[in-house]
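Taking it in order: structure first as structure tokens, then the write-up.
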There are 2 protein chains.
Amino acid sequence: MRPSAKKIASVLRQKGHKLTAQRRAVINVVVNSGEHLAPAALYERVRRAHPAIGLVTVYRTLEMLHELGLICRVHRGEKHGYTLAPSGHHHHLVCTECGIVADFTDCDLEVLQQRLSQQTGFKIEGHLLQFLGYCRDCQGGT
Amino acid sequence: MRPSAKKIASVLRQKGHKLTAQRRAVINVVVNSGEHLAPAALYERVRRAHPAIGLVTVYRTLEMLHELGLICRVHRGEKHGYTLAPSGHHHHLVCTECGIVADFTDCDLEVLQQRLSQQTGFKIEGHLLQFLGYCRDCQGGT
DNA sequence: TACCTAACTGAAAACAAGTTTCATTTATAA
DNA sequence: TTATAAATGAAACTTGTTTTCAGTTAGGTA
Ligand SMILES: [Mn+2]
Ligand SMILES: [Mn+2]
Ligand SMILES: [Zn+2]
Ligand SMILES: [Zn+2]
């Protein structure tokens with residue numbers, strides 16, 4: 001269950017953030033794109049609705065939404081991608097050819113985490129899990 | 001079982017790479033540091049033995065060693081760390097406070113991978129798994 | 001409604017990690 | 001030795017992101 005633009009706006013207000021035209025524009029793009037877009041790609045799209053917006057503002061807004069837990073971040077080499085977070089903890093399956101990302105939720109790492117914690121003395125707070133491969137469309141070609 | 005400087009040198013030669021003083025210096029630092037050092041940190045240390053070396057050469061050497069499977073790479077935000085690879089597939093437990101890294105080998109992700117492959121049609125080639133937390137030394141303080 | 005002000009914005013500069021270019025040097029096979 | 005492909009390092013460049021700062025604005029208050 002992914003939050004709507006309305007829901008996101010209300011969270012912002014509730015947390016004392018201002019609801020500017022720029023932020024609305026960013027939120028709209030994020031809400032209306034299923035993909036995990038990199039900041040630059042997102043910026044391109046946001047500009048269609050709000051040509052005057054600066055890339056900085058896009059970065060700042062994404063950062064804010066991420067801190068509020070409203071969007072998730074994918075790590076792809078140097079670049080980052082963002083989308084609306086489906087509710088709660090999830091991970092990614094990334095196509096190394098075209099960059100498309102699929103989400104999944106059940107990682108079942110508790111047992112492993114428990115064991116590692118015991119063996120190493122680390123207090124484990126989280127994990128990063130990503131599968132890499134070729135999506136259906138990219139399996140044929142070079 | 002981590003390769004020795006000698007072993008590494010012989011692999012390089014065998015693959016047709018030249019064995020330069022700079023490469024020797026980089027290899028020595030990597031071999032003699034248990035930690036996963038970022039390229040910049042590694043560069044600092046290499047300079048102690050070989051002050052004239054350029055950072056580029058460090059990058060190039062690390063890249064080469066990585067391609068030959070002789071060292072492993074950790075992903076920490078933007079920065080990368082390297083050390084000698086323990087033999088084969090392994091993963092990392094990273095302390096978000098001090099950056100120390102512990103290795104582990106048994107990830108048991110085959111079942112999950114199989115299921116995801118089936119569900120999404122992805123041909124999965126690899127994965128990235130990392131646990132994040134606080135090492136023993138960093139659990140007390142702020 | 002008309003202010004007030006902390007929050008927000010965007011241009012530009014700064015930054016950080018990594019890569020490319022290219023003239024010079026060097027390891028090593030012949 | 002010598003020849004030469006491989007390797008080096010300085011400097012310039014790229015890419016993604018952050019900082020700075022002077023000006024603008026959302027939204028609470030009188
Ligand atoms: Mn996601
Ligand atoms: Mn390792
Ligand atoms: Zn693909
Ligand atoms: Zn630590």
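FYI, side chains are in, hydrogens and waters are out, and symmetry mates aren't considered; it's all heavy atoms of this structure. Model, not experiment: these values are computed from the prediction. Chain A is the first sequence line, chain B the second, and so forth, proteins listed ahead of strands; every chain is numbered from 1.
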- Query: Counting N and O atoms only, with roles assigned by atom type, does the side chain of Gln139(A) sit under 3.5 Å from a partner on the main chain of Tyr134(A), one being a donor and the other an acceptor?
  - Reply: yes

- Within the structure, does a side-chain N or O atom of His80(A) lie under 4.0 Å from either OP1 or OP2 of dG16(D)? no

- Message: Distance alone, cut at 3.5 Å: any donor-acceptor contact between the side chains of His90(B) and Thr105(B)?
- Response: no

- Message: Quick check: is Leu42(A) connected to Leu68(A) through a chain of hydrophobic side chains (ILVMFWY, heavy atoms under 4.5 Å apart)?
- Response: yes

- Pick the nucleotide of DNA chain C nearest each of Pro39(B) and Leu19(B); which residue has the one closer to the 5' end? Pro39(B)

Hey, can you pull the donor-acceptor pairs under 3.5 Å for the side chains in residues 111-128 of chain A, sequence neighbours left out?
unit_1, atom_1, unit_2, atom_2, d
Arg115(A), NH2, Asp106(B), OD2, 3.4
Ser117(A), OG, Phe122(A), O, 2.7
Thr120(A), OG1, Leu116(A), O, 2.7
Thr120(A), OG1, Phe122(A), N, 3.2
His127(A), NE2, His89(A), NE2, 3.0
His127(A), NE2, His91(A), NE2, 3.0

Identify each donor-acceptor pair in which a side-chain atom of residues 21-34 of chain B lies under 3.5 Å from a protein atom, sequence neighbours left out, and give them as a table.
unit_1, atom_1, unit_2, atom_2, d
Arg23(B), NH1, Lys18(B), O, 2.8
Asn28(B), ND2, Arg24(B), O, 3.4
Asn32(B), ND2, Asn28(B), O, 3.0
Ser33(B), OG, Val29(B), O, 3.3

- Query: Can you list every ring-ring contact (aromatic ring centres under 6.0 Å, His included) pair that touches residues 7-29 of chain B, not counting sequence neighbours?
  - Reply: none

- According to the side chain to side chain donor-acceptor pair (under 3.5 Å) rule, which pairs have a member within residues 48-71 of chain B, sequence neighbours left out? His66(B)-Arg73(B)

- Task: Check DNA chain C against residues 48-68 of chain A and give the residues with a non-hydrogen atom under 4.0 Å, in numerical order.
- Result: Ala52(A), Ile53(A), Gly54(A), Val56(A), Thr57(A), Arg60(A)

- Query: Do any of residues 5-18 of chain A sit with a heavy atom less than 4.0 Å from DNA chain D, and if so which?
  - Reply: Lys18(A)

- Has Thr20(A) got a side-chain N or O lying under 4.0 Å from the OP1 or OP2 atom of dA7(C)? no

- Query: With hydrophobic residues grouped by side-chain heavy-atom distances under 4.5 Å, do Met64(A) and Leu70(A) end up in a single group?
  - Reply: yes

- Which residues within residues 21-29 of chain B lie with some heavy atom under 4.0 Å of an atom in DNA chain D? Gln22(B), Arg23(B)

- Could you check if a side-chain atom of Val58(B) sits within less than 4.5 angstrom of a side-chain atom of Tyr82(B), using non-hydrogen atoms only? no

- Item | Non-neighbouring partners of Arg47(A) that pass side-chain contact (heavy atoms from CB on, under 4.5 Å), sequence neighbours left out | Tyr43(A), Glu44(A), Ile53(A)

